[in-house]
Protein chains: 2
Amino acid sequence: MKNTTSFEIAKLCGVSRGTVYRALNNKPGIKPETKEKILRVANSLGYRPNFVAQSLVKKKTMTIGIIVFDLNNRIFSQIINSIESYGRKNNYFVYLTLSHKDSDLEKEQIQYLVDRQVDAIIMMSVNKGKEFEDFLKQFNIPIVTFGNKISENIPFVWINDKQAIKDAVSYLHNKKYTKIIYVCPQLGHLYTNENKYSPEQRLEGFIEALEELDDMNAEIVSTHDYLQTIHELVSHSSEKIAILCTSDIYALQVAKSLKKNNIKIPEDVGVMGFDNIDILEFTSPALTSISFSLEEIGRSLFNSIMHLINEEDAPKEILLDHNIIARESV
Amino acid sequence: MKNTTSFEIAKLCGVSRGTVYRALNNKPGIKPETKEKILRVANSLGYRPNFVAQSLVKKKTMTIGIIVFDLNNRIFSQIINSIESYGRKNNYFVYLTLSHKDSDLEKEQIQYLVDRQVDAIIMMSVNKGKEFEDFLKQFNIPIVTFGNKISENIPFVWINDKQAIKDAVSYLHNKKYTKIIYVCPQLGHLYTNENKYSPEQRLEGFIEALEELDDMNAEIVSTHDYLQTIHELVSHSSEKIAILCTSDIYALQVAKSLKKNNIKIPEDVGVMGFDNIDILEFTSPALTSISFSLEEIGRSLFNSIMHLINEEDAPKEILLDHNIIARESV
DNA sequence: CTGTTAGCGCCTTCAT
DNA sequence: ATGAAGGCGCTAACAG
């Protein structure tokens, strides 16, 4: 069963397609009676404009492409959830594509999104640097990023990672901890080209924070066997130690490992996470973490992308608020 | 900067668009030399076919619409993750749309997806029943569902909820529990039209399981203040009680509440969840739960939808395996 | 006010 | 082996 077209309505009403178009799109210059008749007929036929044809001629698809690593990370899900909601209210639909942290795949996905004429792209990218920026420039399409900044020239919405870690250190300092074990993903591999802007910023924040303190010792753990390393560090020390993790998943892992070794949190050692994922309250002890609003990040991303789509400027960097959610683990 | 079209290539090569088309699409009936030349020119111009134009004429957009409640539920994220992966390998893109459990919104989203000419829809629906089935039928578009079954006529991929709960009960029975408190969402409201197929199946499974056992007491808790209710049930009883929750979130909530009241798990009372979300191992005690592969559900959904798109039959019901992940809470 | 016409960029059939 | 022409369904400028 074919869809009815504006042409069929025209025939049925004994008018031209131009007139039908005017009626359907509230264009001026049409007699009220004919307009009404056309609308009535269109309605009775269940007429729906062909969106693809519209897109073709208008060169606008009312869709936004989103690229993230995957949906295992709750952060991505929640940001997408937020973008989708704002999108819907503005008649934008969302293409969801995953890069699986594969830089070639990511580029491929961008190419495909562009092929499909999306009006804009929102992404957290694996790629980075000038070359990638040029790659993006060639498409001449609005792009907004989050999490990992690509360059100063591409709008970026996130939190102030550096300050967040500084705040965490200061929080721990106030709690009289004398040593912080900082747990983060591996950085600075020369052989990888992965964009690790966010973790890098956090590490910088950590180092800067330490420089401002003279009564705080520190250790940075980023190896694969970090649990083992931490265990050793904790065992052979008489200091008051806090373990500051750059993601809640690390923190949960650490807490589990400590408990298994009968090390008490927070009595023996403190643990702090980052992201404030939704189940922290269910662990015991409940984990202290750094929180920020993913809903707001989504809103801000959408906001910026709308500006760009409308050929207005968008801020090159928007850093939203974060705050420490104090629970029992530290 | 405009995109190059096949027409421009034609001009540059001094051939017609038809010939360009043949070259670009590996169609027979073209001299190798001209083909090569066209391809070379196309390549040097960075030619990319206009996907929208293609969709218009082919009446195929190579996109699948997905509708779920929202992305707060990890289950949805993971299923979508899976579908996206299979989709990508087959050149399908995914429109992600959320219904927020709003039945009108869900219908609207379906309409919009159809307007955008998606090739198929995969969804977990809020709507149900004959009327909704007819609503869907009118679009004449491949649809596959999961989680909540709409009707016997619309393909459905999920697990055997009923059997899963039966297995859980039998597992608890073997563990010598004499009473089960079953925690589930509110069901059977006459004034709501929400599709609660999955929770209903689970409840039926629970009731059937009980009927087969004569040494098992039970209590069903589905009120909003279930934590309070449970607390009372647990306090005033000398039986060996297990609390069987139809979702891990309930189970976590219950466990937290019990711990707060100094009731020990599993010594004083057992707790069991459903879904086996990824952080159960981090709680203490680690929660026993019912697990099933969301990756497989995604794969199966995609598989069925491909069959339907290719106008082949797809099974009306596919129930994948589940199994109990024994941890410490029961 | 309404009709005509020419695209958008691609696919497809029919001639040559 | 190639070209010409019509069509997908809608938009938009121009006539009348």
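We name chains A, B, ... by the order of the sequence lines, and we start the count at 1 in each one. Fair warning: this is a prediction, and the values are worked out from it, not measured in the lab.
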Requested in this report: Have a look at A:V15 and say if it touches a base, only the backbone sugar-phosphate, or nothing, with a 4.0 Å heavy-atom cut-off.
Outcome: sugar-phosphate
Query - Atom-to-atom span, CD of A:E36 to P of C:dT2 - whole angstrom - result: 13 Å
Report task. Check the distance between C:dC11's P and B:K60's NZ and give it to me in whole angstrom. Result -> 14 Å
Query raised in the report: Has A:K107 got its NZ or CZ under 6.0 Å from the middle of the six-membered ring of A:F135, at an angle within 45 degrees of the ring axis?
Result: yes
Query raised in the report: Among the nucleotides C:dT2, C:dG9, D:dC10, which one has an atom lying closest to any side-chain atom of B:T5?
Result: C:dG9
Report summary line: Taken to the nearest whole Å, CD1/B:I9 to P/C:dG9 is 12 Å
Query - Spacing between A:L56 atom CG and C:dG7 atom P, to the nearest angstrom - result: 14 Å
Query raised in the report: Atom NZ of A:K37 and atom P of C:dC1: how far apart are they, to the nearest Å?
Result: 17 Å
Requested in this report: Pick base, sugar-phosphate or nothing for A:I30, based on heavy-atom distances below 4.0 Å to the nucleic acid.
Outcome: sugar-phosphate
Report summary line: Taken to the nearest whole Å, CG/A:N3 to C1'/D:dC10 is 14 Å
Query raised in the report: With sugar-phosphate meaning primed atoms plus P, OP1 and OP2, does B:P49 contact a base, only sugar-phosphate, or nothing at under 4.0 Å between heavy atoms?
Result: sugar-phosphate
Report summary line: Winner on side-chain proximity to A:A53, out of C:dT2, D:dC10, C:dC10, is D:dC10
Report summary line: The residue, B:K59 or B:T19, whose nearest nucleotide of DNA chain D is more 5′ is B:T19
Query - Under the side chain to side chain donor-acceptor pair (under 3.5 Å) test, residues paired with B:S82 that sit two or more places apart - result: none
Query raised in the report: Within the structure shown, what part of the strands sits under 4.0 Å from A:F51 by heavy-atom distance: base, sugar-phosphate, or nothing?
Result: nothing
Query raised in the report: With a cut-off of under 6.0 Å to the ring centre and 45° to the axis, is B:K89 in cation-pi contact with B:Y86?
Result: yes
Report task. Count the heavy atoms of every other residue, nucleotide or ligand shown that sit under 6.0 Å from CG of B:N25, and state whether that count exceeds 12. Result -> yes
**Report entry** A:L113 to A:Y95 - nearest heavy-atom pair and separation
**Finding:** CD2-CB, 3.8 Å
Query raised in the report: Is B:S55 touching bases, backbone alone, or none of the nucleic acid, heavy atoms closer than 4.0 Å?
Result: nothing
Query raised in the report: Got a sec: does the NZ of A:K60 have more than 12 other heavy atoms crowding it under 6.0 Å?
Result: yes
Query raised in the report: Nearest heavy-atom pair of A:P142 and A:L308: which atoms, and what distance?
Result: CB-CB, 3.7 Å
Requested in this report: Please state whether the phosphate of C:dG9, meaning OP1 or OP2, lies under 4.0 angstrom from any side-chain nitrogen or oxygen of B:Y47.
Outcome: no
Can you give each donor-acceptor pair under 3.5 Å made by side-chain atoms of residues 29-45 of chain B, sequence neighbours left out, with the distance rounded to 0.1 Å?
| from | atom 1 | to | atom 2 | distance (Å) |
| --- | --- | --- | --- | --- |
| B:T34 | OG1 | B:K31 | O | 2.7 |
| B:K35 | NZ | B:N26 | OD1 | 2.9 |
| B:S44 | OG | B:V41 | O | 2.9 |

Can you tabulate the close N/O pairs, meaning under 3.5 Å, that link protein atoms to atoms of nucleotides 12-16 of chain C?
| from | atom 1 | to | atom 2 | distance (Å) |
| --- | --- | --- | --- | --- |
| C:dT12 | OP2 | B:Y21 | OH | 2.9 |

**Report entry** Euclidean distance, atom CG of residue A:N50 to atom P of D:dG9 [Å, nearest integer]
**Finding:** 7 Å
Query raised in the report: Rounded to the nearest Å, what distance is computed from the CD atom of residue A:Q54 to the C1' atom of nucleotide C:dG7?
Result: 16 Å
Query - Short side-chain N/O contact from B:S16 to OP1 or OP2 of D:dT2, under 4.0 Å - result: no
